[in-house]
Amino acid sequence: MEYLERLTEPGAWEEYYEDCAGREYITKRELAKLRRLIDSGAYREPLAGWLSGGDFPCAQRRIINKMGSEKKRVVYTFGDAENHILKAIARHLHRYDTVFAPNLFSFRVNSGVRKAVAYLTRRPGLAAKCAYKLDIHDYFNSVNVDLMVPMVREVLSEEPLLCRLIEQILRNPRVWCDGALVEETKGIMAGIPLSSFLANLYLSDLDRRMYEAGALYARYSDDIIVFADSEEELARYRAEITGTLADRGLAVNPKKVSQTAAHEPWTFLGITFRDGVLDVSEASVRKLKGKMRRRARKLYRWKSRSHATDERAIRAYIRHFNAKFYDNHAENELTWARWFFPVITTADSLAVLDRYMVECIRYIATGRHSKANYRLRYETIKQYGFRSLVHEYWLGREEEEPTVG
């Protein structure tokens, strides 16, 4: 029995529920929604309709703010029942993880940023190598579906029903946009649960070739970095990578391309490597400062309009960033504690951000940047809920230290 057929049975959903319940970062609200969906059997109708030859519903197109900036990006979503069906399938697709090379670190079991950085930094003589780093522009929505479908068929050859479902979703040009059905080229649709697996698969042959060639190379979805002992060797790798991207109809984001010489710092996944030290990159710090500044101005204006107290506005500000740093359990939102803390080896950039956040908090109280702001004491800010990034980072490090005895 194929997995799609198993999903018509309650037992498969109970197994999926237990898996979700065991995840540390799923919210109670999301888990409760899943429980209601299972208990009501709301998954049966869409599955039965599709398995009997019907069409999978069209996706909903949305435009959201890009994380850490005011830029917009296009994402896609489905209704609750369809979305959970696709999430269950995405979980099932981890069984095909072995088709990927060890130098791919995105959306895999027991992988991630920490493993990617460790994979690179444990290579002897890394500081003496030159590096080329690039970012693929609008990767998910630019994938050529005609090239993607044969790859899916090859990997999922033993699951024809699942192949048919994925192909139907990819080849359907229609999406809902502002209440109307429109047609557009949408690639593998950033935001849908299957897109992560498909993004890994689309360039998996490039990853494999680089691995078998012995190149020090790593990919995390649309971010790629490669190292070499000489400029000539790096040029060959660069030609291999950019040539493959061009053949797949993908474009490099020119603003996110960098090439560094031996002993120069390099950046990958928001982490900068400099003289053996790993820190949050300047770009990541700059983006977060912008977000802190905009949120502070917004709350100051709100406070002024609504005649709210300083404490109320400041507590709201602190709650927002505590969630971003430590407490946001949304499945697709990685906190700083999960992304950066396990990787960096210095708190220098965290100290810069601590100081800037305190300045923003004092701005909320006065609407100015002046010495008068220091009337709001640091101890009072802590009483309002402020948690120092530096303190939390070192606290986490202490908890990781093995006990002796």
Side-chain angles (χ1 to χ4, degrees), residues 1-20 22-23 34 37-38 41-59 76-102 104-111 139-140 143-174 186-208 221 248 331-332:
M1 180 183 292
E2 279 198 42
Y3 185 70
L4 270 182
E5 294 172 306
R6 283 192 58 221
L7 278 181
T8 62
E9 301 175 351
W13 284 95
E14 291 299 334
E15 181 185 328
Y16 172 59
Y17 179 85
E18 291 301 318
D19 179 71
C20 291
R23 297 178 192 173
L34 176 57
L37 177 131
I38 295 172
Y43 57 86
R44 293 194 185 99
E45 184 176 344
L47 271 173
W50 187 83
L51 287 171
S52 62
D55 293 333
F56 202 80
C58 297
Y76 299 86
T77 188
F78 290 92
D80 283 346
E82 292 81 11
N83 203 44
H84 273 295
I85 289 170
L86 296 181
K87 283 184 177 182
I89 292 171
R91 169 184 169 273
H92 167 72
L93 288 173
H94 283 305
R95 67 177 295 195
Y96 296 99
D97 203 60
T98 54
V99 306
F100 303 126
L104 173 66
F105 297 93
S106 48
F107 319 120
R108 302 180 68 180
V109 177
N110 298 321
S111 190
Y139 177 35
F140 286 60
V143 167
N144 184 320
V145 171
D146 289 332
L147 297 178
M148 180 85 263
V149 167
M151 299 177 192
V152 174
R153 290 175 179 169
E154 181 179 356
V155 172
L156 305 182
S157 59
E158 297 181 357
E159 298 196 64
L161 287 176
L162 184 52
C163 280
R164 184 166 69 87
L165 175 64
I166 295 174
E167 182 172 353
Q168 185 189 88
I169 291 172
L170 294 179
R171 290 198 183 280
N172 182 0
R174 297 173 299 166
K186 52 188 172 46
I188 56 175
M189 293 183 286
I192 73 167
L194 301 181
S195 62
S196 299
F197 173 80
L198 297 174
N200 279 357
L201 184 59
Y202 195 59
L203 292 174
S204 59
D205 61 335
L206 170 65
D207 305 331
R208 181 66 63 181
S221 189
R248 300 289 162 82
E331 286 186 276
N332 294 320

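Only a predicted model underlies this, so the values are computations on that prediction, with no experimental measurement involved.
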Distance check, rounded to the nearest 0.5 Å: Glu2 atom CD versus Leu156 atom CG?
9.5 Å

Would you name the heavy atoms of Leu37 and Tyr43 that are closest together and state the gap between them?
O-CD2, 4.0 Å

To the closest 0.5 Å, what do you measure between OG (Ser195) and NZ (Lys186)?
11.5 Å

For the backbone of Leu201 and the side chain of Ser204, can you confirm whether one donor and one acceptor N or O come within less than 3.5 Å of each other?
yes

I would like to know whether Tyr16 and His84 meet side chain to side chain contact (heavy atoms under 4.5 Å, CB included); could you show each step before the answer?
CA-CA 10 Å; Tyr16 172 59; His84 273 295; 3.7 Å; yes

Do Lys87 and Asp19 meet the salt-bridge criterion of a basic N to acidic O distance under 4.0 Å?
no

Smallest separation among heavy atoms of Ser221 and Ala199, with atom names
OG-CB, 4.5 Å

Quick one: OG1 on Thr8 to CH2 on Trp13, what's the gap to the nearest 0.5 Å?
10.5 Å

Using a strict threshold of under 4.0 Å (side-chain N to carboxylate O), is an ion pair present between Glu15 and Arg6?
yes

Does atom CD of Glu5 have more than 12 heavy-atom neighbours, drawn from other residues, nucleotides or ligands, at distances under 6.0 Å?
yes

Do the side chains of Leu170 and Leu194 get nearer than 4.5 Å, heavy atoms only?
no

Given side chains that start at C-beta, do those of Val155 and Ser157 come closer than 4.5 Å, heavy atoms only?
no

Charged N-O contact under 4.0 Å between Glu9 and Arg44:
no

Do Arg108 and Phe100 come close enough that some side-chain heavy atom pair is under 4.5 Å?
yes

From Asn172 CG over to Phe56 CZ, what is the distance, rounded to the nearest 0.5 angstrom?
11.0 Å

Any side-chain heavy atom of Met189 within less than 4.5 Å of one from Thr77?
no

Short side-chain donor-acceptor distance under 3.5 Å, Glu159 and His92:
yes

Looking at every non-hydrogen atom in both residues, tell me the closest pair between Arg208 and Pro102 and how far apart they are.
NH1-CD, 4.3 Å

Close side-chain approach of Val145 and Ile188, heavy atoms under 4.5 Å:
no

Residue pair Tyr17, Leu34: steps toward the side chain to side chain contact (heavy atoms under 4.5 Å, CB included) verdict:
CA-CA 7 Å; Tyr17 179 85; Leu34 176 57; 3.8 Å; yes

Give a yes or no answer on whether the side chain of Tyr202 reaches the backbone of Arg248 with a donor-acceptor pair at less than 3.5 Å.
yes

Starting at OG of Ser196, measure out to CG of Leu93 and round the result to the nearest 0.5 Å.
10.5 Å

Of the non-hydrogen atoms in Leu51 and Arg164, which two are nearest, and what is the gap between them?
O-NH2, 4.4 Å

How close do Leu47 and Leu7 get, heavy atom to heavy atom, and via which atoms?
CD1-O, 3.3 Å

Below 4.5 Å, heavy atoms only, C-beta onward: do Leu86 and Phe78 meet side chain to side chain?
yes

Rounded to the nearest 0.5 Å, what's the gap from CD1 on Ile166 to CG on Leu161? Could you check?
11.5 Å

Indicate yes or no: at least one non-hydrogen side-chain atom of Gln168 is less than 4.5 angstrom from one of Trp50.
yes

For the residue pair Ala90 and Pro193, what are the closest heavy atoms and their distance?
CB-O, 3.5 Å

Would you check if Arg171 and Asp146 make a side-chain contact, meaning some heavy-atom pair closer than 4.5 Å?
yes

